[in-house]
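Remarks on the structure that follows.
Residue numbers start from 1 in every chain, and the chains themselves are labelled A, B, ... in the order their sequence lines are given, proteins ahead of strands. None of the values given here were measured: they were computed from a predicted structure.
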Protein chains: 2
Amino acid sequence: MVKPIATRNLHGQVIHELGRLIVSGEIKPGQSLPREELLAERMSMSRTALREAMKVLSAKGLIESRQKTGTRVRETIHWNQLDADVLAWRCESMPTEDFVEKLVEMREIIEPAAAAAAARRRTAEQLVAVEAAYEAMAAARNLDEWTAADLAFHEAVLHATNNELMISLFSVIETALGTYFALSASTASNFKYSLPHHQKVYEAIRRRQPEMARQAMQKMVADSRSNIRRHRKAKA
Amino acid sequence: MVKPIATRNLHGQVIHELGRLIVSGEIKPGQSLPREELLAERMSMSRTALREAMKVLSAKGLIESRQKTGTRVRETIHWNQLDADVLAWRCESMPTEDFVEKLVEMREIIEPAAAAAAARRRTAEQLVAVEAAYEAMAAARNLDEWTAADLAFHEAVLHATNNELMISLFSVIETALGTYFALSASTASNFKYSLPHHQKVYEAIRRRQPEMARQAMQKMVADSRSNIRRHRKAKA
DNA sequence: TATGAGGTAAAAGTACTACAAATAGACGGT
DNA sequence: ACCGTCTATTTGTAGTACTTTTACCTCATA
């Protein structure tokens, strides 16, 4: 689930490093990178490996290379913002407040719709997966177990939509939940408070009640949104 | 807007070629590619260029390379289905009926929500962009002009949400509209029939009426969905 | 027979070099 | 002042050599 990012490869490290620099804004759009030969030398690596890393970044829409001109960082409009790596890099360097808002907004749009679709089309096996995740949440004895089960729950719901485009949005939910747990770590005491919400969603999906599922999920996300707000105020 | 796909680079071509083969299912998940040296020779290119192409595909989650084992196609779950290229490759080899359904479902979820958000948060400039696109649709004198303006309209709405995660979903809308026009080409005569829908959306965004915008957009998408259905039946 | 240590080879990963292709920008001619 | 041409710079491609990882085979041992 959560990838180790061990990335022991050389270009893996470089992808990560450059990606983070760009996404965090330390290298701004329009700005151009040193030419390959020089950059490779500066990072003490071969041009070959560097180029492979750059290809990956360009695949994610972060950079663009042209002969003679060199390589420049593209406008944020062109970034694959939904790419798991891009999202992760964005969160690494302290997610800004408004980014968290945007993540929550996405959840509010995606998840209720997904829950409804799941209630409509889920197979028996997919229901089992949702149930299993719910049970794991109920049984969780610490925050780690809870977060793992929580993620599994939301992923199972997305899978139950039987729409792979939907499933690909899991990267967003994953990131959103990740930052949520990071922000509301204070609630480590009663981390299970949202269990009833999850139960309602699960029940609605089981009973094939799309509208019920939508509303339950909507409440859950709205609740977690207000929770973040509360936490932020408490800290301010 | 629509990228030329000229992709004169060698590895650009290879990315496209391999990507299409994988996404279309001609090379199935789990299956492994010939080893780099051999594949490079078979495609009459250098290993260097081939590897750069493969890095891009692995960045999109399509393949995975490990030493000794070789390179294998990953399960579809891991594909970045929302990536513009992946979507395009998928449509190139005859989009299946259920894929079109999934695209429409995504539109039904995303666009009404986007319209509502745009009505809430659009700036003056963003409104101008939406208006300009609408005017262009009204002024369109042939199908090409219409499709271009239509795309611009939907893109402008997404931009007006001021949420870049939302904006990244434009690739999905673009693909959906593309296949829509491809399918309902028969309506080339009265291609402007959906103009009133667009007007309502535009008006609601102008007047900052989120719920109105949501409903108008919802109707628009629902209408185009039923239009596809009708067309399919007519053909069958 | 099972099991585990160790060796081997095969494939990807990295490095270096050389050259090709494109093109921004300078140069020069009209 | 304009327009073609030339040049230098930077990415793109190729080829080769070597390194690292690791699946799998071998064989000794329990």
Residues in side chain to side chain contact (heavy atoms under 4.5 Å, CB included) with B/T123, at least two apart?
B/E125, B/Q126, B/N162
Rounded to whole Å, please give me the gap between CZ in A/R72 and P in D/dT10.
13 Å
Write down the distance between CG (B/L50) and P (D/dG12), rounded to a whole number of angstrom.
16 Å
Nucleotide N/O of nucleotides 12-14 of chain C paired with protein N/O under 3.5 Å:
unit_1	atom_1	unit_2	atom_2	d
C/dA12	OP2	B/E36	N	3.0
C/dG13	OP2	B/R51	NH1	2.7
C/dG13	OP2	B/R51	NH2	3.3
C/dG13	O4'	B/Q67	OE1	3.1
C/dG13	N7	B/R47	NH2	2.8
C/dG13	O6	B/R47	NH1	3.4
C/dT14	OP1	A/L10	N	2.4
C/dT14	OP2	A/H11	ND1	2.4

Which residues share a side-chain hydrogen bond (donor to acceptor under 3.5 Å, both in side chains) with A/E52, sequence neighbours left out:
A/H11, B/R51
Holding to side-chain hydrogen bond (donor to acceptor under 3.5 Å, both in side chains), I want the full list of residues that pass it with A/T179, two or more places apart in sequence or in another chain.
none
List for me each residue that meets side-chain hydrogen bond (donor to acceptor under 3.5 Å, both in side chains) alongside B/E64, sequence neighbours excluded, and say none if there are none.
none
Side-chain donor-acceptor pairs under 3.5 Å in residues 136-152 of chain B, sequence neighbours left out?
unit_1	atom_1	unit_2	atom_2	d
B/N142	OD1	B/D144	N	3.0
B/N142	OD1	B/E145	N	2.8
B/E145	OE1	B/R141	N	3.1
B/T147	OG1	B/L143	O	3.4
B/T147	OG1	B/D144	O	2.8
B/D150	OD1	B/H154	NE2	3.1
B/D150	OD1	B/H198	NE2	3.0

Spacing between B/I63 atom CD1 and C/dA11 atom C1', to the nearest angstrom:
14 Å
